[in-house]
There are 2 protein chains.
Amino acid sequence: MITLSEENYLKAIYHLGKQGAAAVSTNAIAEKIESKASSVTDMVKKLADKNLAHYIKYQGVSLTNDGRLAAALVVRKHRLWEVFLVEKLNFSWDEVHDVAEQLEHIKSQKLVNELDAFLGFPTHDPHGDPIPDKDGNYAPIKSVNILELEIGSEGVLSLVKDSSDVFLKYLNKNNLALGDVIKVLDFEPFDDSVTIQTKNKQIIISKEVAKNLYLSQ
Amino acid sequence: MITLSEENYLKAIYHLGKQGAAAVSTNAIAEKIESKASSVTDMVKKLADKNLAHYIKYQGVSLTNDGRLAAALVVRKHRLWEVFLVEKLNFSWDEVHDVAEQLEHIKSQKLVNELDAFLGFPTHDPHGDPIPDKDGNYAPIKSVNILELEIGSEGVLSLVKDSSDVFLKYLNKNNLALGDVIKVLDFEPFDDSVTIQTKNKQIIISKEVAKNLYLSQ
DNA sequence: ATATATTTTTAGACAAGTCTAAAAATTATA
DNA sequence: TATAATTTTTAGACTTGTCTAAAAATATAT
Ligand SMILES: [Mn+2]
Ligand SMILES: [Mn+2]
Ligand SMILES: [Mn+2]
Ligand SMILES: [Mn+2]
């Protein structure tokens with residue numbers, strides 16, 4: 001049995017492991033999970049004892065196959081619940097995260113799979129993140145960050161990397177939503193801001209914002 | 001903030017308080033919650049400290065208004081989730097309890113109220129139990145136990161008091177479900193068993209079974 | 001290569017929730 | 001009403017998950 005706390009650590013390691021090196025550092029986990037390095041060390045030992053993580057003192061952590069599957073299944077639940085909240089319960093995309101953080105820990109195979117079916121087997125959550133299947137797999141992400149595009153190129157906004165409500169409210173305020181067609185008009189060398197066009201309107205977005213927007217096609 | 005454990009104790013006291021005396025005994029709570037009397041004593045002190053329960057040493061426990069509302073809201077969530085699982089996710093009535101035990105602790109006002117609306121403001125759960133509203137109130141139960149009826153009287157099965165999967169599977173096996181029209185044909189004095197008719201079929205049910213079946217109209 | 005800064009681990013403490021065993025209070029019985 | 005049985009509480013211990021402060025290891029900079 002994997003506890004709620006263990007699940008949160010597995011998920012943190014899973015996410016940190018994606019965007020970076022093979023081994024994840026104690027401090028990185030502590031920051032992500034808003035705890036302290038010493039707590040992470042303790043927990044990581046437990047995960048290693050349960051064969052969910054590889055751990056070498058001072059060398060960082062990585063997930064075993066079992067650990068990665070367990071983490072992916074938590075992420076699967078998180079994202080399916082987010083879809084449920086938005087599609088069925090009138091939540092907006094900036095309201096779902098905290099509730100999904102609770103719902104992702106509910107233990108019931110049948111519940112997850114029936115929920116998946118009820119939602120029509122969605123492939124992405126309301127923020128464009130892919131939903132792992134029961135084996136923890138998902139289709140590779142094909143969208144590319146705005147900063148890597150050429151001037152004049154166009155695409156559909158299909159993933160926002162930051163799912164914090166502050167960022168999502170910013171997007172709401174600027175009338176930007178998943179599915180919008182966006183055209184890159186200019187890159188400003190001074191501050192790396194980007195001018196984009198969407199819905200016949202031009203707006204300038206900062207580098208920090210651009211870093212979180214991914215277009216496809 | 002009320003913890004998960006505190007919610008479970010509140011619920012136990014709430015349920016025990018209904019079908020009996022004003023003050024609930026330590027042992028009764030321990031049995032219901034499958035813990036030990038000493039654990040109950042500890043927890044009950046905490047509930048009293050938080051003004052959720054009235055507690056006098058050796059004299060038992062009862063809920064304050066705050067405690068009763070908190071308990072009713074947990075019960076509300078439990079029953080709404082049971083309806084969701086049966087109506088939307090193809091669970092049968094003997095599969096919902098354990099999952100609802102987890103879901104009832106999810107904290108989100110919006111979630112509960114949107115779920116309620118999504119389900120069409122149901123008044124009863126899949127076992128016929130009433131669903132409290134946001135103020136913890138529900139319409140008084142008007143159904144009456146089979147053992148209290150006269151021979152020849154007829155009614156609709158509208159509440160099963162025992163929601164354990166063993167009992168519900170027994171009902172499934174005997175093709176008895178909520179909404180069935182049932183007629184009382186005979187009471188056997190020897191063992192208090194009851195002969196009933198439903199769907200043009202006669203069956204004999206034991207006293208233990210009859211105690212859990214409530215008919216309305 | 002050595003000294004300094006940073007990261008990570010260890011040691012020890014604490015809160016929540018639980019348990020067993022013993023003591024105290026209440027209730028039942030003779 | 002005195003004694004026995006039962007219930008409830010207390011005392012002390014244990015687990016999980018967390019923290020702070022100090023020690024140890026690793027990384028960085030001269
Ligand atoms: Mn999320
Ligand atoms: Mn998301
Ligand atoms: Mn139930
Ligand atoms: Mn029920």
Side-chain angles (χ1 to χ4, degrees), chain A residues 1-14 16-17 20-63 67 70-71 74 101-102 104-107, chain B residues 1-14 16-17 20-63 67 70-71 74 101-102 104-107:
Chain A
M1 240 283 300
I2 302 180
T3 69
L4 186 148
S5 229
E6 288 167 349
E7 285 188 338
N8 282 334
Y9 278 90
L10 288 173
K11 201 169 48 127
I13 301 167
Y14 178 83
L16 291 168
V24 174
S25 84
T26 302
N27 264 356
I29 298 169
E31 192 182 351
K32 179 138 226 163
I33 236 160
E34 294 180 84
S35 65
K36 294 298 152 74
S38 56
S39 307
V40 174
T41 301
D42 284 351
M43 182 56 88
V44 146
K45 285 178 186 170
K46 279 185 227 168
L47 296 178
D49 284 348
K50 290 189 171 187
N51 284 306
L52 297 167
H54 299 294
Y55 170 57
I56 308 166
K57 259 195 196 180
Y58 294 103
Q59 302 307 133
V61 202
S62 62
L63 296 177
V74 175
E101 283 295 314
Q102 299 177 63
E104 72 188 4
H105 301 292
I106 303 291
K107 280 168 180 57
Chain B
M1 240 285 299
I2 302 179
T3 68
L4 186 150
S5 228
E6 287 167 349
E7 285 188 338
N8 282 334
Y9 279 91
L10 287 172
K11 202 172 47 133
I13 300 167
Y14 178 84
L16 291 168
V24 174
S25 83
T26 302
N27 264 357
I29 299 170
E31 190 181 356
K32 179 137 224 162
I33 236 158
E34 294 181 87
S35 65
K36 295 295 153 74
S38 56
S39 307
V40 174
T41 302
D42 285 351
M43 181 57 87
V44 145
K45 286 178 185 169
K46 280 185 226 169
L47 296 177
D49 284 348
K50 291 188 171 186
N51 284 307
L52 297 167
H54 299 295
Y55 170 58
I56 308 166
K57 259 194 197 183
Y58 294 101
Q59 302 308 134
V61 202
S62 61
L63 296 176
V74 175
E101 283 294 315
Q102 300 177 62
E104 73 189 4
H105 301 292
I106 302 292
K107 282 171 179 55

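No hydrogens, no waters, no symmetry mates; every other heavy atom, side chains included, goes into these values. First the proteins, then the strands, lettered A, B, ... as listed; each starts at 1.
Contact annotation: Thr3(B) reaches the phosphate of dG17(C) (side-chain N/O to OP1 or OP2, under 4.0 Å). One finds a side-chain N or O of Lys46(B) lying less than 4.0 angstrom from the OP1 or OP2 phosphate oxygen of dG17(C). Between Ser5(B) and dA16(C) there is no side-chain N or O to OP1 or OP2 distance below 4.0 Å. The shortest distance between the side-chain N/O atoms of Lys36(A) and the OP1/OP2 oxygens of dT20(D) is below 4.0 Å. OP1 or OP2 of dT9(D) lies within a sub-4.0 Å distance of a side-chain N or O belonging to Tyr55(B).
For the atom pair Thr3(B) OG1 and Met43(B) CE, the distance stands at 5.0 Å (nearest 0.5 Å).
A heavy-atom distance below 4.0 Å to DNA chain D is reached by these residues of residues 27-35 of chain A, ordered by number: Ser35(A).
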key: Steps toward side-chain contact (heavy atoms from CB on, under 4.5 Å) verdict (His105(A), His105(B))   = CA-CA 11 Å; His105(A) 301 292; His105(B) 301 292; over 6 Å; no
message = Would Leu10(A) and Leu47(A) count as a side-chain contact (heavy atoms from CB on, under 4.5 Å) here? Give the steps.
response = CA-CA 8 Å; Leu10(A) 288 173; Leu47(A) 296 178; 4.1 Å; yes
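Each of Lys45(B) and Tyr9(A) has a nearest nucleotide on DNA chain D; the 5'-most of these lies closest to Lys45(B).
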Identify all pairs in which a protein N or O lies below 3.5 Å from an N or O of nucleotides 25-28 of chain C, and state each distance.
| from | atom 1 | to | atom 2 | distance (Å) |
| --- | --- | --- | --- | --- |
| dA25(C) | O4' | Tyr58(B) | OH | 3.3 |

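Contact annotation for Thr26(A): backbone-only contact, meaning every heavy-atom pair under 4.0 Å involves sugar-phosphate atoms and none involves a base. As judged by a 4.0 angstrom heavy-atom cut-off over every strand, Ser39(B) is placed among the base-contacting residues. Note on Ser38(A): a base of the nucleic acid sits closer than 4.0 angstrom, heavy atoms only.
Of all heavy-atom pairs spanning Glu7(A) and Glu104(A), the tightest one is OE1-O, 4.2 Å. Listed here is the closest heavy atom pair of Tyr55(B) and Ala48(B): CB-CB, 4.1 Å.
Just one of Val40(B), Thr41(B), Asn8(B) meets the side chain to side chain contact (heavy atoms under 4.5 Å, CB included) condition when paired with Ile29(B); it is Val40(B).
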